[in-house]
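I have placed the structure first, in the form of structure tokens, so that the comments after it can refer back to it.
Reckoned from all heavy atoms, side chains included, excluding hydrogens, waters and symmetry mates. Naming convention: chains lettered A, B, ... in sequence-line order (proteins, then strands); numbering from 1 in each chain.
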Amino acid sequence: MGTEWKRKVSLFGAFDDYEASLSALSTKLSRASISGGAAAANPPRINRWNRRPYSARYLKLLKKRRALPVWQQKDEFLRALRDNQTLILVGETGCGKTTQIPQFVLEAEGLGDRPVVACTQPSRITAMLAARHVAQEMDVTVGYEVGYSVRFEHCWSRKTVLKYLTDGMLLREAMADPLLEKYNVIILDEVHDRTLATDVLFAHLKEVLKKRPGLKLVVMSAYLEAEKFQGYFSGAAPLMKVHGRLHPVDIFYTQKPERDYLEAAIRTALKVFEPGPPSLRGGPPGRKIVVSTNIAETSLTIDGIVYVIDPGFTKHKVYNLRIRVESLLVSPICKGSANQRADCAGRTRPGKCFRLYTDKSFNEDLQPQTYPEILRSNLAYTVLILKKLGVDDLVHFDFMDYPAPETLMRALEVLNYLGAFDDEGNLTPLGEMMSEFPLDPQMSKMLVISSKYNCSNEIATIAAMLSAQNCFLRPREARKAAGEARVRFGHIDGDHLTLLNVYHAYKQNDEDPQWCYDHFINARALKYADNVRRQLVGIMTRFGLKMCSPNFNSSAYYANIIKALAAGYFMQVALLEQNGHYRTVKNNQIVDLHPSNSMYHKPEWVIFDEFVLTTRNFIRTVTDVRGKWLIDVAPQSTLL
DNA sequence: GGGAAAACT
């Protein structure tokens with residue numbers, strides 16, 4: 001059965017007109033003087049930032065840069081920046097906003113000789129790529145005048161005037177320096193993503209702007225929620241719109257809804273296209289098919305993509321307030337995502353996008369935007385950060401979208417049980433320490449407490465392993481072998497200890513990737529865990545927490561570790577019932593041990609890391625714990 | 001006896 005396609009008008013129907021007017025405009029502009037007119041036509045020979053003569057490459061790149069759409073509005077932008085504390089810029093994909101706007105800002109009047117500008121990105125990769133790219137354009141070395149800062153990688157110096165960083169990293173910086181005083185201008189980029197960190201920064205920066213009249217904020221988004229953003233920033237922030245430069249993308253819809261989007265996607269890829277292109281320079285002939293997650297929806301450009309097949313679904317996080325569990329659900333995408341997916345086809349030349357749904361469902365069923373992450377998350381960690389930022393009154397904190405009050409209450413409750421807050425709701429010294437760890441509060445609690453149980457080395461390892469992806473690989477073609485390999489790491493008392501075994505074995509085998517491969521261990525996950533562990537140990541050492549291990553030959557070795565685990569996870573405990581199922585203590589949910597667990601018995605009490613809703617309710621990563629140990633560490637009310 | 005996200009600190 002083939003799929004009937006219905007052709008719809010191009011998303012960029014006005015493109016030709018737009019391009020014509022653009023080229024007319026650029027001719028006009030090259031005659032007239034644009035911003036810094038004479039200077040732009042005859043750029044200075046000495047680079048202001050490193051006092052070196054400009055290279056030939058600089059001039060070549062400058063020519064390219066000046067052809068980007070955002071340059072048409074450089075003057076307008078600089079005027080708006082001069083006259084306003086906050087401004088909003090909507091720039092479509094391909095307009096050059098991420099690379100050019102920060103450079104414009106550096107040229108703005110009134111910021112002094114060496115301003116420092118921060119520009120946030122939603123991902124590490126875009127932050128690093130943007131920094132490298134802009135350093136070239138500015139004819140400086142990345143890490144000096146232009147730098148970046150992402151977790152595990154800081155590449156900037158005291159000379160840095162422009163720093164790209166992940167939004168989470170700027171939030172971290174704000175925790176140490178709430179007024180972010182080292183920056184003259186902060187640019188929040190890709191805010192349409194509405195990540196948790198961006199939303200917290202929005203509300204926080206709104207306060208900072210009142211306290212620092214000299215600070216300027218530029219908010220950049222790929223598409224418009226103009227009223228929302230403008231209304232949020234007191235209605236005073238001006239809005240600029242820059243059209244992107246994309247090639248036209250034809251959109252096709254299916255005539256009927258598709259039942260199986262995977263099957264339909266494969267069928268579409270194999271049938272509805274022209275033959276693949278001939279081979280290039282002796283390479284294999286044909287067409288490359290990229291299977292991508294939602295990373296392709298972001299500003300990351302994959303060169304040469306012409307066709308996009310969009311099944312119309314995404315897997316995204318939802319938070320179930322009633323059972324206090326985050327889970328993943330496959331759900332329809334929003335219109336914004338659909339358009340971003342289509343945009344991928346038009347980056348390098350005109351393209352086509354095949355949507356595996358009807359135009360009717362696009363128009364009538366898809367929401368304009370996904371709910372921002374802050375409305376779909378457990379906020380325990382976020383609330384800890386907010387407290388550290390100095391937010392005393394969560395109820396009146398100015399979120400752009402306000403989370404359900406119950407979600408905030410739950411978060412406060414968890415933090416209170418963990419001992420992060422005192423009775424007045426202020427951070428305790430323990431809470432202060434916990435907030436420094438890039439971990440969920442249960443985990444930071446067990447880390448801080450672990451020295452007392454003489455097992456901080458082991459708990460740091462377990463926390464790191466829990467932070468990484470599942471380290472056990474199970475390739476379809478070698479399931480049995482993978483299962484056997486896994487059993488060799490298994491610890492009969494539970495999965496947390498199994499993770500400890502895996503890490504130890506990894507280190508004993510010199511972090512050898514081949515060893516990982518042979519034992520069906522995900523080498524990348526282990527490498528990541530090792531990075532995390534190093535960072536955690538760094539923070540612990542800074543706080544003067546002793547790094548120590550119990551005597552391995554003592555019978556108390558594992559008991560100590562599990563007691564420290566319990567000190568953080570006493571709210572994630574389940575009790576075996578007579579019918580063989582477990583009941584979670586805090587929310588009375590009937591659950592089963594996930595079959596991947598490493599125990600040969602069903603303990604009366606277990607600590608679990610995750611609650612997963614799949615074919616049934618499972619608890620995953622579980623460890624045997626004595627009831628008495630729980631009573632020792634848990635506040636009375638949590639076990640009732 | 002099972003089912004897989006992305007990103008961030």
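Checking the phosphate oxygens (OP1, OP2) of B:dA6, no side-chain nitrogen or oxygen of A:K317 falls inside 4.0 Å. Phosphate proximity of B:dA7 to A:T166: absent, as no side-chain N or O sits under 4.0 Å from OP1 or OP2.
In terms of position on DNA chain B, the residue among A:I385 and A:V318 whose nearest nucleotide sits closer to the 5' end is A:V318.
Among the nucleotides B:dT9, B:dA4, B:dA6, the one closest to any side-chain atom of A:Q469 is B:dA6. Closest approach to the A:T615 side chain among B:dC8, B:dT9, B:dG3 is made by B:dG3 (side chain taken as heavy atoms from C-beta onward). Checking B:dT9, B:dA5, B:dA7 against every side-chain atom of A:Y528, the shortest atom distance belongs to B:dT9. Across B:dG1, B:dG3, B:dC8, the shortest atom-to-atom separation from the side chain of A:P595 is found for B:dG1. In this structure, of B:dG2, B:dA4, B:dC8, it is B:dA4 that holds the atom nearest to the side chain of A:K315.
Annotation: salt bridge (charged side-chain N to carboxylate O under 4.0 Å, His left out) contacts involving residues 596-613 of chain A, sequence neighbours excluded, comprise A:E610-A:R620. Applying the side-chain hydrogen bond (donor to acceptor under 3.5 Å, both in side chains) test to residues at least two apart or on different chains, none of the pairs has a partner in residues 473-493 of chain A. Residue pairs satisfying the salt bridge (charged side-chain N to carboxylate O under 4.0 Å, His left out) criterion with at least one member in residues 437-450 of chain A, sequence neighbours excluded, are absent.
Put simply, the side chain of A:Q535 reaches to within 4.5 Å of the side chain of A:F152, judged on heavy atoms.
Evaluation of the side chain to side chain contact (heavy atoms under 4.5 Å, CB included) rule for A:A131 yields A:V142, A:V146, A:Y148, A:Y164 as partners, not counting sequence neighbours. Residues passing the side chain to side chain contact (heavy atoms under 4.5 Å, CB included) test with A:Q572, sequence neighbours excluded: A:Q442, A:Y569, A:F608. Residues passing the side chain to side chain contact (heavy atoms under 4.5 Å, CB included) test with A:D624 are A:M599, A:H601, A:P603, sequence neighbours excluded. Under the side chain to side chain contact (heavy atoms under 4.5 Å, CB included) criterion, A:R534 pairs with A:D530, A:N531, sequence neighbours left out.
Rounded to an integer number of Å, the gap from CG of A:D592 to P of B:dG1 is 10 Å. Atom CZ of A:R486 is separated from atom C1' of B:dG2 by 10 Å (rounded to the nearest Å). Residue A:N617 contributes atom CG, which lies 13 Å from atom P of B:dG2 at whole-angstrom precision. Rounded to an integer number of Å, the gap from A:K388 NZ to B:dT9 P is 19 Å. Rounded to an integer number of Å, the gap from A:L593 CG to B:dG1 P is 12 Å. As rounded to whole Å, 9 Å separates atom P of B:dA5 from atom CZ of A:R620. Rounded to an integer number of Å, the gap from A:L613 CG to B:dA4 P is 11 Å. When the C1' atom of B:dG1 is taken as reference, atom OH of A:Y600 falls 14 Å away, rounded to whole Å.
Applying a 4.0 Å cut-off to non-hydrogen atoms, the residues of residues 470-481 of chain A that approach DNA chain B are A:R474, A:R476, A:R479, listed by residue number. Residues from residues 169-182 of chain A that place a heavy atom under 4.0 Å from any atom of DNA chain B, listed by number: A:M169, A:R172.
Across all strands, A:F618 comes closer than 4.0 Å only to sugar-phosphate atoms, never to a base (heavy-atom distances). Residue A:E373 is classed as a base contact, given a heavy-atom separation below 4.0 Å to a base.
There is no side-chain donor-acceptor pair under 3.5 Å between A:S435 and A:K387.
Salt-bridge check for A:E436 with A:R542: passed, with a basic side-chain N closer than 4.0 Å to an acidic carboxylate O.
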